[in-house]
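Structure first, commentary second.
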Amino acid sequence: MISPLTTPTSDGRWTPRLWGTLLVLCAAMFLDALDVSMVGVALPSIGADLGLSTSALQWIVSGYILGYGGLLLLGRRAADLLGRRQVFLVALGVFALASLLGGLVDSGPLLIASRFICSTCAESIEKCTFHTFLDSE
């Protein structure tokens, strides 16, 4: 099924709306990559500020990986049932709120939970992003 959002003009050129869509989707993917890399760099100061052990710091990273990999099919299925645009927007909004929560928490378990929620939303964002352009061919 070809989406009108991702359909080039009859002469093969991309419309401004298609370029805008690509820019928004790339920005969302960049935010996910930035989120992953920032936590890796900030782990020592997170551990010092929250008084977390090395194993608790590992759970901050593992919680993200478990949410992302463990619920990998969820984003695609939700997008199929509810629509890519709706799932993308909801996931992006929840990702932003969970990231804000993660920045404001003062306990390890809440940080791990917010990272898990972020990863689930990031997975949904990725699936919607890739399949918006892959399904248009």
Side-chain angles (χ1 to χ4, degrees):
M1 175 182 196
I2 296 178
S3 168
L5 183 62
T6 59
T7 305
T9 59
S10 59
D11 60 354
R13 292 188 346 233
W14 281 22
T15 63
R17 181 174 179 172
L18 188 57
W19 281 108
T21 302
L22 179 63
L23 183 64
V24 168
L25 296 176
C26 286
M29 293 296 295
F30 174 76
L31 286 175
D32 177 36
L34 184 66
D35 183 55
V36 171
S37 63
M38 281 191 324
V39 168
V41 170
L43 276 177
S45 39
I46 290 171
D49 289 346
L50 298 179
L52 299 176
S53 66
T54 306
S55 61
L57 290 175
Q58 181 60 40
W59 270 108
I60 293 172
V61 175
S62 297
Y64 194 90
I65 294 168
L66 288 172
Y68 196 93
L71 301 172
L72 198 55
L73 298 175
L74 178 67
R76 176 61 184 197
R77 186 63 179 149
D80 287 343
L81 293 174
L82 306 171
R84 274 187 232 115
R85 184 170 189 243
Q86 290 79 7
V87 171
F88 177 80
L89 292 174
V90 168
L92 192 59
V94 174
F95 180 87
L97 290 174
S99 294
L100 178 64
L101 173 70
L104 298 176
V105 299
D106 59 352
S107 73
L110 282 177
L111 180 60
I112 294 167
S114 72
R115 297 285 298 153
F116 183 83
I117 294 168
C118 280
S119 68
T120 303
C121 293
E123 177 270 326
S124 296
I125 291 169
E126 179 188 332
K127 292 299 177 196
C128 292
T129 300
F130 284 141
H131 293 290
T132 294
F133 282 94
L134 292 178
D135 290 347
S136 67
E137 311 223 9

**Report entry** From CG (Leu72) to NZ (Lys127), nearest 0.5 Å
**Finding:** 4.5 Å

**Report entry** Joint hydrophobic cluster, Leu92 plus Val90, side-chain heavy atoms closer than 4.5 Å
**Finding:** no

**Report entry** Gap between atom CD of Glu123 and atom SG of Cys128 - 0.5 Å precision
**Finding:** 8.5 Å

Report summary line: Sequence neighbours excluded, the answer for side-chain contact (heavy atoms from CB on, under 4.5 Å) partners of Ile112 is Trp59, Ile60

Report task. Using the rule that two of Ile, Leu, Val, Met, Phe, Trp, Tyr join whenever any of their side-chain heavy atoms come within less than 4.5 Å, decide whether Val36 and Ile117 are in one cluster. Result -> no

Query raised in the report: Can you tell me how far CZ of Phe88 sits from SG of Cys121, rounded to the nearest 0.5 angstrom?
Result: 11.5 Å

Query raised in the report: What heavy-atom pair brings Ser124 and Gly75 nearest, and what distance separates the two atoms?
Result: OG-CA, 3.5 Å

Requested in this report: Answer yes or no: is there a side-chain heavy-atom contact under 4.5 Å between Trp14 and Thr21?
Outcome: no

Query - Nearest non-hydrogen partners of Leu71 and Thr120, listed with the distance - result: CD1-OG1, 3.5 Å

Report task. Could you grab the distance from atom CG of Leu100 to atom SG of Cys118, nearest 0.5 Å is fine? Result -> 10.0 Å

Query raised in the report: Applying the 4.5 Å side-chain criterion to the ILVMFWY set and letting contacts propagate, would Leu74 and Ile125 be lumped into a single cluster?
Result: no

Requested in this report: Indicate if Leu66 and Val39 have the same hydrophobic cluster label, given that clusters are the connected sets of ILVMFWY residues with side-chain heavy-atom separations under 4.5 angstrom.
Outcome: yes

Query raised in the report: Measuring from Leu31:CG to Phe95:CZ, what's the distance to the nearest 0.5 Å?
Result: 6.5 Å

Query raised in the report: What is the minimum heavy-atom distance between Gly108 and Leu52, and which atoms define it?
Result: CA-CD2, 3.7 Å

Report task. Give a yes or no on whether Leu73 atom CG has more than 12 heavy-atom contacts from other residues, nucleotides or ligands under 6.0 Å away. Result -> no

Query raised in the report: Which heavy atom in Ala122 sits nearest to a heavy atom in Asp32, and how many Å separate them?
Result: CB-OD1, 3.2 Å

Report summary line: CG (Leu104) and CG (Leu111) are apart, to the nearest 0.5 Å, by 11.0 Å

Report task. Check the hydrophobic clustering (I, L, V, M, F, W, Y; side-chain heavy atoms under 4.5 Å; chains of links allowed) and say if Met38 and Leu43 are grouped together. Result -> no

